[in-house]
Structures are given as C-alpha cells and as structure tokens.
Amino acid sequence: CQGCIARPCEGACKFGAITRVRGKSYIDPEKCRNCGKCHDACPYQAIVRLKVPCEEACPVRAIQKGANGHAAIDSSKCTICGRCMRACPFGTVIERSEIIDVLSTLKSGVHMTALVAPAIVGQFPASLGKVIEGLHELGFSSVLEVANGADITSRNEADEFVERMEKGEKFMTTSCCPAWSVMAKKRFPEYANCISMALTPMVITARMVKKDHPDARICFIGPCAAKKLEANRKSVRSDVDYVLTFEELQGMFDAKNIDFTTLEADPEDGLNEGTSMGRGFAVGGGVAAAVVEAIKHIDPTREVQIEYGDGLRECKKMLMMAKAGKRNGYLLEGMGCPGGCVAGAGTITPVRESTLNVEKFKKEAAEISSTASPYVDRLKDVEE
C-alpha cells in the first residue's frame, strides 16, 4: 500500500472492511466478502486478488463469489463442461453419478451394451482387449465402438455442409460436443441455426443398438461430463440410458476388485470396426478432418476452409470472428476441452499421453475413410 490520500479502495468497499492502520490500508478478513471492488480501484495494484481454482478454470465465467464469499455456479451460463470439477482441490464440485443405477441394472441381468468412446484407449493400465473383458466381468453383455457412429456423423455433416454452402449460408459448425453447442446457443443465439443438425456419434450408435435390440439398456462410457446432459435432454431422443466417465468406470473396476493382469483378452472380441477418421473424433481437429475427408468423396473439387476452437474460450473467439464476417464459407469445429475429448473432465490419463494413444488407435483401424465404414448405410436406422 502506498498510503494514497484519495483512498479509492475504502470508497469502493461496500462492507466497511477497509480501514487505515498507521497510514496504510488494512482489510479486515472478517468483513471482507472478496467482491474484488478494492482490487479494481487501487491505482497501484497493491491489492492482489487470488481467484479460487474453480472460478479460474471456468471458461464461460459461470462461477463467481457472492456477497458471502462463497463460489456459486450460474446455471444460465454453465455448459456442464466439468472444468470446475477438475480444478476444485477439495472435491466440492461433483457431478451426478449413475453408478448405482448402472450396477442395479447389471445385477438384474438385463442386456446392457457399453458404448465406448475412442478416448478410452490408454485410460486404464491394460490393453483395450482386457478392458473389454473387464467390462464383461462387470456384467455388460456387449461392447461397441462409438467411432462407428462417428463415421455416420462425418458423412451426415459432409452432406449438410455442401447443401448449406450451396444455399449461400455463411458457415456451419460441428455438433458433437454438447458443451460447445450449449455455449454457442447461450452466447450467440443468433447463430444457433448454424450448428450442424447431424446427430452426435453417441446418439447414432445408441440408436443402432436399439434398432437391433429394442429391449437393451445402453451405457455410454466416455471422457465427458457434458454427455450426461446430452443423454437426458428432451429436445432430441438419445436412446442412452446411462452415462459413465472413465473415472467412474475405474471406480467400478476397483470396487469389483478386477485385476487386469489376470484377465485374458478375447481376440475375437476386440473393437475393430471403427475407421481411422471416426476414432479421430477424440482429438481436437479430428471432427473437421473427418468431415472434410468425407466431403472430398461427395465433391472432389470443393475446397473447404476449417478452423478448430481449442476449448470454450477459443470457441468464443472463433464465433466472434464469424460474427464479424471473417469466417464465411468455413467449417468450424468446436470442442469444449482444450485438446479435444481426450482432455475431458472424466479422463484419467494426461492429455498428451491420451492423444498419442488415440493416434496409435487410429493407425490400427482397418479403414481410413469414414465413407468406408460398414455402418454408413444405416442412416435410416437412426433418423427420427
């Protein structure tokens, strides 16, 4: 404190928390409400404001401290991305878990299909084949790659993009990340119609399962907390009964005392139908790359400009540029987590390691192009 005569910090404080002690300003912690007004008023930046981790992590500024000094989440701004949950050192921010519901259903003997997101590779201390066997040990009847649905999404968004551009629309954005879609609709409602109408890979894969097994229960297992919001939204039928994150699945493995070293992976039970492009949805930029690759099969002469929003903060900047007319003709990919789904709030493995694991998983695919997937002809099975 420089002991300035104007005392702007005292004038800014509405709680009488600042007084003079030996010519210097003193903040009474019992009266302070951490509103930050004195911090903003101090011309010498002598007052340092330390933000709580969840507030700092929130990309849409949905968390603020109220008059009582407690952090609160503004649901009108929140996108359920889960960044605050990851940042909180005290475990105060928690997600709604469906572990008990899943366990009860598995115990009942009902056919339960696990839909696994491509980011699952490398999340657990075992090969993917052993993880699948672990899922069977928990009671899951079958396991299916969500990358199969991603291949259909790629083709759908490719067709939609070509149609929109031929109609003269300004740009189109991807739709697979629910946190991104929610943010875009809340902050830029005038461009909500620019978001692709294609169903997400999770929903498409679930609908294919329901078509073949109408009585089956479906559990999506992935890296994302926002998928729980998507599975329960009323606007679009998801056909997904439960959603678990990788972190929650690890808890189930631990509770069941599943030792991966004792499991033998069934070579006939591996995940081998997803294409390289479909599996690439897990990594930032992968969705746009898959859609552009599919467009090349529809219209080989069409040049497509793309931009990837790496996290919601960058997504906001991307839409601001589009709003200014600087992204006309673009395909914009939005991802709520920096790095893509591999950085989701429900992941276990560090982002860099997860990205490398997905890249390896992509190389192991039997086909590269989404258009070569055996599932691309099942569009009628997933339509309303």
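Remember, it's a predicted structure, so these values are computed and weren't measured experimentally.
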Minimum heavy-atom distance P125-Q250, with the two atoms named: CD-OE1, 4.2 Å
Polar side-chain atom of E333 near backbone of T174 as donor-acceptor pair, under 3.5 Å: no
Charged N-O contact under 4.0 Å between E133 and K130: no
Short side-chain to backbone donor-acceptor contact, R233 and A231, under 3.5 Å: no
Qualifying residue, where the test is side chain to side chain contact (heavy atoms under 4.5 Å, CB included) with R83 and the options are P53, C58, C54, P59: P59
Side chain to side chain, L312 and K316, heavy atoms closer than 4.5 Å: no
Donor + acceptor pair across side chains of S369, E293 (<3.5 Å): yes
Where F281 and C176 come nearest, the two heavy atoms and their spacing: CD2-SG, 4.3 Å
Q123-T347 side chain donor-acceptor pair, cut-off 3.5 Å: no
Note: E145-R279 ion pair, threshold 4.0 Å (strictly below): yes
Side-chain touch V182/I80, heavy atoms, less than 4.5 angstrom: no
Over all atoms of both residues, closest heavy-atom pair of G329 and F161: O-CZ, 3.5 Å
Residue pair M183 / C315, side-chain heavy-atom distance below 4.5 Å: yes
Expected output: side-chain T349 to main-chain S354 donor-acceptor under 3.5 Å: no
Short side-chain to backbone donor-acceptor contact, E367 and P374, under 3.5 Å: no
Any side-chain donor near an acceptor of the partner, S142 and T113, under 3.5 Å: yes
Distance, nearest 0.5 Å, that separates CD of E163 from NZ of K167: 4.0 Å
Nearest-0.5 Å distance that lies between atom CD1 in I258 and atom CD in E137: 6.0 Å
Where K77 and A62 come nearest, the two heavy atoms and their spacing: CB-CB, 3.8 Å
I132 CD1 to L144 CG distance, which is reported to the nearest 0.5 Å: 10.0 Å
Cationic N near anionic O, under 4.0 Å, E190 to K323: yes
Modelled atom types, side-chain donor and acceptor of Y308 and D310, under 3.5 Å: yes
Within-4.5 Å side-chain heavy-atom neighbours: M335 and V287: yes
Carboxylate-amine/guanidinium proximity below 4.0 Å for D159 and R155: yes
Path from L356 to I348 over hydrophobic side-chain contacts below 4.5 Å: no
Hphob cluster co-occupancy, L331 + V162, side-chain heavy atoms under 4.5 angstrom: yes
Side-chain heavy-atom pair F124, L249 within 4.5 angstrom cut-off: yes
Least distance between heavy atoms, D215 atom then V110 atom: O-CG1, 4.2 Å
Shortest non-hydrogen contact between S196 and E160, atoms and distance: OG-OE1, 2.6 Å
K362 (side chain) donor-acceptor with M277 (main chain) under 3.5 angstrom: no
Short N-O contact, E95 and K228, less than 4.0 angstrom: yes
Common cluster, V358/V143, ILVMFWY with side-chain heavy-atom separation under 4.5 Å: yes
Rounded distance (nearest 0.5 Å) linking atom CZ of F220 with atom OG of S238: 11.0 Å
Short side-chain to backbone donor-acceptor contact, S181 and P178, under 3.5 Å: no
R217 bridged to D101 by N-O distance under 4.0 Å: no
Short side-chain to backbone donor-acceptor contact, T79 and W180, under 3.5 Å: no
Flag side-chain contact, heavy atom, 4.5 Å: M112 against L138: no
Hydrophobic cluster membership, F260 vs L135, 4.5 Å side-chain cutoff: yes
Polar side-chain atom of D299 near backbone of I295 as donor-acceptor pair, under 3.5 Å: no
Any V291 side-chain heavy atom under 4.5 Å of V304 side chain: no
Short side-chain to backbone donor-acceptor contact, K296 and R302, under 3.5 Å: yes
Donor-acceptor under 3.5 Å (E169 side chain, C194 main chain): no
R237 side chain near R207 side chain, heavy-atom distance below 4.5 Å: yes
Quiz item: cation-pi between R327 and F171, 6.0 Å / 45°: no
